[in-house]
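First the structure, in the form of structure tokens, and then the observations on it.
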2 protein chains.
Amino acid sequence: MDQISSPTSARLRAMQAEGMNLDSCPVRTVVSRLGSKWAPLLLQLLAERPHRFSELRRLVPDISQRMITQTLRDLERDGYVNRSVLPTKPPSVTYSLTDMGVSMFESYRLLFEWAEANHQAVRAAREAFDASDKG
Amino acid sequence: MDQISSPTSARLRAMQAEGMNLDSCPVRTVVSRLGSKWAPLLLQLLAERPHRFSELRRLVPDISQRMITQTLRDLERDGYVNRSVLPTKPPSVTYSLTDMGVSMFESYRLLFEWAEANHQAVRAAREAFDASDKG
DNA sequence: TTTTAGAGTCTCAAAAAGAGACTATATGTA
DNA sequence: TACATATAGTCTCTTTTTGAGACTCTAAAA
């Protein structure tokens, strides 16, 4: 198989030996975008249904307009999000998931579900850590 | 069900109405850490087997020591990673996944697999976007 | 005696994120 | 007519994060 695999340590050793740069690692290429601060939240909303720019702004009051624009642009660039402009006055812009976005989100969703089911445990771990000498 | 659900737009509206702050959203709490720049890569390596600090450094040559330390600390704080110091001279430190880390990674892994299978499509989308007037 | 290894910390520079003002156009309201 | 509102952003400035690289400490090996 000629597909680049995930970076197991054996693979990483091989990549180094071949002088490959790790920027070409597919997982990093994809996951680093999706894990950005606001992408998960916006993806969840778009997975629910298409939304307009101003809806997203209202739904997520603590995101700046600049970050909405930028995050949506990044997601559009990677092919997950479709941006469609309706020529109303003033123009309205609707964002929705592409087929690829839906496909990706099916896999991403499992982590979200884990997070919902386990966030108390994560919180507890944080508090324990902070209360210990390490914190 | 009294569990805080994922932030559907209905839920977000409710949270706003109640004056809740969104920092308490479980998905954001959990996913934002896991999506940081280096966490996915280090988690993959630790999911494979426990590693020592210097092993990780060698396997990922383009991460600074500072970022290894910090990312591992964050993952330890959240309860995914165990740090064990052996009193050798010089001391050796081994990092491994906790049970919770293994549990979480089972869900995260699906996104990684999606990324491996679809990174060409993502790359293609990026190039198309950059070649268009939007880029 | 200088080097090497392990596991970091410290400081400073660069990149990313956030806050808030500002733009354009077209309606509705006083 | 003048003013405010709504849409979908951009621009600039400030604060946080990240990254690069030097520096620390201990003990064994060359």
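Residue numbers start from 1 in every chain, and the chains themselves are labelled A, B, ... in the order their sequence lines are given, proteins ahead of strands. Everything quoted here is computed from the prediction, not taken from an experiment.
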Just the rounded figure in Å: distance from [atom2] of [N] to [atom1] of [X].
{"X": "B:Arg73", "N": "C:dT9", "atom1": "CZ", "atom2": "P", "answer": "5 Å"}
{"X": "B:Asp62", "N": "C:dA15", "atom1": "CG", "atom2": "P", "answer": "16 Å"}
{"X": "A:Leu72", "N": "C:dA17", "atom1": "CG", "atom2": "P", "answer": "14 Å"}
{"X": "B:Ile68", "N": "C:dT9", "atom1": "CD1", "atom2": "C1'", "answer": "14 Å"}
{"X": "B:Arg58", "N": "C:dT4", "atom1": "CZ", "atom2": "C1'", "answer": "12 Å"}
{"X": "A:Asp74", "N": "C:dA16", "atom1": "CG", "atom2": "C1'", "answer": "11 Å"}
{"X": "A:Met67", "N": "D:dA8", "atom1": "CE", "atom2": "P", "answer": "18 Å"}
{"X": "B:Gln65", "N": "D:dT24", "atom1": "CD", "atom2": "P", "answer": "15 Å"}

Within less than 4.0 Å of OP1 or OP2 of [N], is there a side-chain N or O belonging to [X]?
{"X": "A:Trp38", "N": "C:dG18", "answer": "yes"}
{"X": "B:Lys37", "N": "C:dA15", "answer": "no"}
{"X": "B:Tyr95", "N": "C:dG8", "answer": "yes"}
{"X": "B:Lys89", "N": "D:dC25", "answer": "no"}

Of the nucleotides [options], which one has an atom closest to the side chain of [X]?
{"X": "B:Gln70", "options": "C:dA7, D:dA8, D:dT18", "answer": "D:dT18"}
{"X": "A:Ser54", "options": "C:dA19, D:dA8, C:dA7", "answer": "D:dA8"}
{"X": "A:Phe53", "options": "D:dG9, C:dG8, D:dT7", "answer": "D:dG9"}
{"X": "B:Ser64", "options": "D:dG19, D:dA6, C:dA7", "answer": "D:dG19"}

For A:Pro50 against A:Thr94, the heavy-atom pair lying closest together: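 Of all heavy-atom pairs spanning A:Pro50 and A:Thr94, the closest is CB-CG2, 3.8 Å.
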message: So that I can tick it off, tell me whether B:Arg49 and B:Glu55 are bridged by a salt bridge, with the cut-off set at under 4.0 angstrom between side-chain N and carboxylate O.
response: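 A salt bridge links B:Glu55 with B:Arg49.
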query: Do A:Asp62 and B:Arg28 meet the salt-bridge criterion of a basic N to acidic O distance under 4.0 Å?
result: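 Salt bridge flag = yes for A:Asp62 with B:Arg28.
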task: Under the side chain to side chain donor-acceptor pair (under 3.5 Å) rule, collect the residues that match up with A:Thr69, sequence neighbours excluded.
output: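 Side chain to side chain donor-acceptor pair (under 3.5 Å) check on A:Thr69 returns nothing, list empty.
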message: Once you apply a heavy-atom cut-off of 4.0 Å, does B:Arg66 come out as touching a base, just sugar-phosphate, or nothing?
response: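 The answer is base, as B:Arg66 lies within the cut-off (heavy atoms under 4.0 Å) of a base atom.
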- prompt: So, do A:Phe112 and A:Phe105 have ring centers that fall under 6.0 Å from each other?
  reply: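 Yes, the ring centres sit under 6.0 Å apart.
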